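Numbered from 1 within each chain, the chains take letters A, B, ... in sequence-line order. Every value quoted in this text rests on a predicted model; they were computed, and no experiment measured them.
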Amino acid sequence: MKYRNFTIRMVNLLAIAVLLTAYQYAMAYHAKQDQIAQLKNQVAQMEVQLKEADVSSDGESKAKTVASAYKDGVYTGEAEGFGGKIKVQVTVKDGVISQILILSATGEDTPYLNMAKAIIENMIQKQTADVDTVSGATYSSNGIKNAVILALQQAEQ
Amino acid sequence: MKKNKMKTKDIISVMIRALFFFLFPAMFSTAFSGVKYLCAQMAAGDGFELNGFLIAFLVTVMLTVVFGRFFCGYVCAFGTYGDALYWVSSAIRKKFRKKAMRLPSAVGKVFRYGKYIVLCLILFFCFLGKETFISGLSPWMVFSRLETLKSPQGGWSLAVLLFILLSAAMLFEPRFFCRFFCPLGAIFSLLPVLPCSSVKRDRPKCIHGCNMCRNKCPADLEIQDSTKADSPLMGECFSCGKCIGVCPKKNVHGLGLGRDGGRIPMLILKALLFMVVCYFLMKL
């Protein structure tokens with residue numbers, strides 16, 4: 001057969017594609033199941049909390065304000081990414097880091113920058129700039145991280 | 001007339017490679033990061049998200065199936081770097097009237113498996129979740145940083161040493177990295193390539209004992225016979241077209257529009273297509 005090698009390779013490639021797609025579907029299904037279980041858990045927890053809040057007296061002020069490390073305001077910071085400077089804008093509201101925006105990152109290629117942006121969610125969740133860089137987009141995420149650190153320095157009480 | 005045609009094609013080849021080198025130097029790491037991503041996700045038991053890296057990898061694979069390893073021959077900045085190194089050493093060699101030393105074919109045939117070993121090693125570490133460690137050893141990373149005209153992070157390291165050693169090797173053997181070490185090339189070399197995009201010759205019409213195509217081939221390939229079944233070794237072909245240009249009987253075919261069609265228009269078309277694709281992948 002004249003194109004025997006081509007045919008074998010094509011069949012292999014399609015087989016791999018099919019396997020990966022099947023894997024993807026299986027994982028997506030499991031992820032959905034996990035999510036459903038987690039949400040059910042959360043709902044149950046919230047119901048318990050509500051009951052307890054009803055029971056406990058209204059005399060106690062619920063708002064336990066923890067002294068925040070940051071002053072409210074909007075701050076900018078700039079640091080070296082992979083191919084140039086990354087500029088960020090950090091917003092602190094009610095003592096909490098509420099938003100981190102990337103103002104400019106011209107030296108970063110889109111796939112790397114998009115992957116690095118995951119570090120922003122992490123920083124807001126943990127309320128600190130001291131988080132792990134994103135593996136596979138080390139330089140870009142490090143640039144974002146350092147820029148946020150510089151911005152937060154201005155925000156310190 | 002023939003000499004002129006060859007020169008034009010060579011000039012255009014160099015220009016295309018230079019363009020990709022300066023515009024999209026990170027293409028190879030982006031595409032390969034797609035592979036590492038697939039691995040890491042499977043190791044963690046997670047599904048895949050169509051991120052920039054995965055799309056870059058899938059698109060590059062599909063284009064390679066259709067057009068052959070044009071990516072390796074023209075788009076990859078590391079390949080262009082290797083070509084530039086070899087061109088410099090050839091020029092020096094010509095000045096001193098020294099003959100080129102090529103790796104014996106038998107050695108090349110064995111060494112080419114090196115890239116599959118490198119690929120397996122990298123994927124193995126990714127499966128273990130140690131992607132950062134293996135990337136720390138990557139000469140590609142060193143090269144990427146150099147391109148942004150900065151010193152590699154972490155200063156002198158094993159990765160820098162590897163990069164220097166590979167650069168030295170590429171001075172003496174064309175495409176040393178590509179043929180024996182490149183994990184992305186390993187994947188490409190296993191892909192099916194459309195028969196119309198691969199290079200072949202009418203073996204019965206060859207001049208007895210000629211071998212000019214093989215001598216010119218940077219991958220030291222015996223071009224497959226169009227009258228026989230296709231050869232698995234053609235996975236090593238970078239679609240550079242040097243064999244077609246050098247054949248005294250114009251007996252090597254492929255890479256052109258139609259069987260004997262113009263290679264230059266096809267080359268420019270492919271370059272434009274890849275450039276548009278790269279722009280969408282990297283800059284949008």
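Other residues, nucleotides and ligands contribute over 12 non-hydrogen atoms within 6.0 Å of the CD atom of Gln99(A). Applying the 6.0 Å contact sphere to NZ of Lys283(B) captures more than 12 heavy atoms from other residues, nucleotides or ligands. The 12-atom threshold is not exceeded at CD of Glu49(B), counting heavy atoms of other residues, nucleotides or ligands nearer than 6.0 Å. Heavy atoms of other residues, nucleotides or ligands lying less than 6.0 angstrom from OH of Tyr113(B) number 12 at most. When the shell of 6.0 Å around NZ of Lys87(A) is examined, it contains 12 or fewer heavy atoms from other residues, nucleotides or ligands.
Side-chain atoms of Phe6(A) and Ser198(B), non-hydrogen and from C-beta on, never get closer than 4.5 Å to each other. Looking only at side-chain heavy atoms (C-beta outward), Asp109(A) and Met282(B) come within less than 4.5 Å of each other. You'll find the side chain of Ser144(B) stays beyond 4.5 Å of the side chain of Tyr139(A), heavy atoms only.
At distances below 3.5 Å, not a single donor-acceptor pair connects side-chain atoms of Arg9(A) with backbone N or O atoms of Gly235(B). Between the Tyr23(A) side chain and the Phe48(B) main chain, no donor and acceptor come within less than 3.5 Å of each other.
Salt bridge absent: Lys2(A) and Asp230(B) never bring a charged side-chain N and a carboxylate O closer than 4.0 Å.
In this structure, chain A has no heavy atom under 4.5 Å from any part of Ser135(B). Only the backbone of Leu281(B) has a heavy atom closer than 4.5 Å to any heavy atom of chain A. If you measure heavy-atom distances from Asn51(B) to chain A, the contacts under 4.5 Å come from the side chain alone. Looking at Lys36(B), there are no atoms closer than 4.5 Å to chain A (heavy atoms on both sides), in backbone or side chain. Heavy atoms of Met42(B) lying under 4.5 Å from chain A belong to its backbone as well as its side chain. Interface residue Leu194(B): backbone and side-chain heavy atoms are both found under 4.5 Å from chain A.
Pairing each heavy atom of Ser33(B) with each of Tyr112(A), the nearest pair is OG-OH, 4.1 Å. Nearest heavy-atom pair, Leu20(A) versus Leu38(B), reported as atom, atom and distance to 0.1 Å: CD1-CD1, 4.4 Å. Of all heavy-atom pairs between Phe53(B) and Gly136(A), the closest is CZ-O, 4.0 Å. Shown here for Pro232(B) and Asn5(A), the closest heavy-atom pair between the two residues is CA-ND2, 3.2 Å. The heavy-atom pair separating Tyr3(A) from Pro195(B) by the smallest distance is CE2-CB, 3.4 Å. When all heavy atoms are compared, the tightest approach of Gly45(B) to Met27(A) is O-SD, 2.9 Å.
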Exercise. Let me see the working for Met115(A) and Tyr37(B) under side chain to side chain contact (heavy atoms under 4.5 Å, CB included), right down to the final yes or no.
Key: CA-CA 11 Å; Met115(A) 198 158 220; Tyr37(B) 172 73; 4.2 Å; yes
